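What follows is a set of notes on a single structure, which appears directly below.
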Protein chains: 2
Amino acid sequence: MSFVLPQFLPYLLNQAAEAVSRDFQGYYRDRYGMLRTEWRVLFHLGCYGEMTAGRICGLASIHKTKVSRAVRALEVKRYLRRTTSAQDRRVETLSLTTSGHRVFRDLQAAAEQYERDITSVLSPGEVSSLRAMLVKLEKSAG
Amino acid sequence: MSFVLPQFLPYLLNQAAEAVSRDFQGYYRDRYGMLRTEWRVLFHLGCYGEMTAGRICGLASIHKTKVSRAVRALEVKRYLRRTTSAQDRRVETLSLTTSGHRVFRDLQAAAEQYERDITSVLSPGEVSSLRAMLVKLEKSAG
DNA sequence: GCCGGTCAGTTACATCCGCAACAATTAAAC
DNA sequence: GTTTAATTGTTGCGGATGTAACTGACCGGC
């Protein structure tokens with residue numbers, strides 16, 4: 001019984017995720033010079049509305065230094081603004097600017113199109129069971 | 001129709017792969033001080049037998065500089081040796097040392113156990129269809 | 001009040017990564 | 001046979017990342 005590397009689930013997961021992420025990254029890297037973490041922060045704000053950096057860390061399991069740098073990069077690009085809370089001055093609420101919303105809508109359309117492209121090799125039923133399995137695996141590993 | 005980030009397949013893939021990789025990394029990082037790319041190179045040699053660095057790049061879609069550095073790290077740890085080909089002196093064949101084989105067998109057992117652990121939340125049928133879908137997605141993205 | 005503990009977010013430093021340029025070797029063109 | 005192109009792998013350098021230490025701010029016991 002020898003070990004078959006290309007069937008090892010963590011390996012397969014990593015290969016698929018890497019290939020997809022690298023491929024999709026072209027959309028936002030070329031058009032807006034954004035990194036993956038910046039994309040993620042932008043989409044958290046675009047999808048969920050305003051929230052703190054810490055909340056993004058928790059939702060996406062991204063390290064706080066990564067988020068901190070992504071937030072600054074998006075701030076420099078004028079895609080988001082920070083608002084210090086009056087109740088607790090440690091907390092900064094992040095929200096998209098008009099420009100940020102515009103970029104988000106553009107990238108959202110690109111994301112939907114990209115998802116249609118790559119899932120075209122799967123049936124709708126497969127896609128939803130794949131989603132469910134990925135969620136289970138993530139919980140199982142965390 | 002708003003965009004649901006936690007259902008976006010590239011995002012889900014990345015979250016699951018990241019969680020699993022980070023979790024599993026504990027095994028080889030703590031015991032042998034190895035990085036992810038070093039683990040991958042070791043397993044390619046352990047599973048397929050001796051091969052060149054370029055071949056590992058092709059099989060695993062890893063950048064050649066990453067492989068080059070991982071090979072040196074494994075060489076310093078005395079887990080592999082390089083043999084310059086007599087026919088083409090550009091080519092170096094990589095092979096595991098006795099020590100490298102021992103480490104590989106240990107990590108192989110850990111990998112099998114880890115895969116059993118995380119896949120315990122899925123049925124055997126789900127696992128094989130998941131593998132097939134991940135392969136399709138990787139090809140679809142590349 | 002005041003001091004230790006905690007929490008949000010940033011910075012410092014060391015490491016890792018990717019692109020591009022490179023050296024060395026072989027193959028191809030002619 | 002010499003020049004040019006292609007290939008195997010390495011290195012320099014700027015940029016990205018993670019760990020740990022830090023700042024500033026709130027909260028608790030006393």
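So that the names make sense, note that chain A is the first sequence line, chain B the second, and so on, each numbered from 1. Quick caveat: nothing in here was measured; it's all calculated off a predicted structure.
- Here the P atom of nucleotide C:dT26 and the CD atom of B:E92 are 13 Å apart, to the nearest Å.
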| request: Would you mind building the protein contact string for nucleotides 16-25 of chain D? One character per nucleotide, 5' to 3', B for base within reach (heavy atoms under 4.0 Å), S for sugar-phosphate only, - for untouched. | output: SBBBB---BB
| said: For a ring-ring contact (aromatic ring centres under 6.0 Å, His included) check, start with the C-alpha distance between A:F8 and B:W39, then their side-chain angles and the critical distance, and finish with the verdict. | reply: CA-CA 13 Å; A:F8 182 50; B:W39 180 91; 5.8 Å; yes
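- Pairs passing the salt bridge (Lys or Arg N to Asp or Glu O under 4.0 Å) check and including a residue from residues 39-57 of chain A, sequence neighbours excluded, do not occur.
- A:R29 pairs by the side chain to side chain donor-acceptor pair (under 3.5 Å) definition with nothing, not counting sequence neighbours.
- By the ring-ring contact (aromatic ring centres under 6.0 Å, His included) test, B:Y32 is found to be paired with no residue, residues two or more places apart in sequence or in another chain being considered.
- Sorted by first and then second residue, the side-chain hydrogen bond (donor to acceptor under 3.5 Å, both in side chains) pairs with a member in residues 130-142 of chain B read B:E115-B:R131; sequence neighbours excluded.
- The CG-C1' distance, from A:L94 to C:dT10, rounds to 14 Å in whole Å.
- In this structure, the ring-ring contact (aromatic ring centres under 6.0 Å, His included) partners of B:F104, at least two apart in sequence or on a different chain, are B:F43.
- Rounded to a whole Å, the CD1 atom of A:I62 is 17 Å from the C1' atom of C:dT10.
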Identify each donor-acceptor pair in which a side-chain atom of residues 94-101 of chain B lies under 3.5 Å from a protein atom, sequence neighbours left out, and give them as a table.
from: B:T97; atom 1: OG1; to: B:R78; atom 2: O; distance (Å): 2.7
from: B:T97; atom 1: OG1; to: B:Y79; atom 2: O; distance (Å): 3.3
from: B:T97; atom 1: OG1; to: B:S99; atom 2: N; distance (Å): 3.4
from: B:T97; atom 1: OG1; to: B:G100; atom 2: N; distance (Å): 3.0
from: B:H101; atom 1: ND1; to: B:T97; atom 2: O; distance (Å): 3.4

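- Less than 4.0 Å separates DNA chain C from at least one heavy atom of each of the following residues of residues 40-55 of chain A: A:T52, A:A53, A:G54.
- Qualifying side chain to side chain donor-acceptor pair (under 3.5 Å) partners for B:S21, counting only residues two or more places apart in sequence or in other chains: A:N14.
- Summarising the geometry, the separation between CD1 on B:I56 and P on D:dT8 is reported as 14 Å, rounded to the nearest angstrom.
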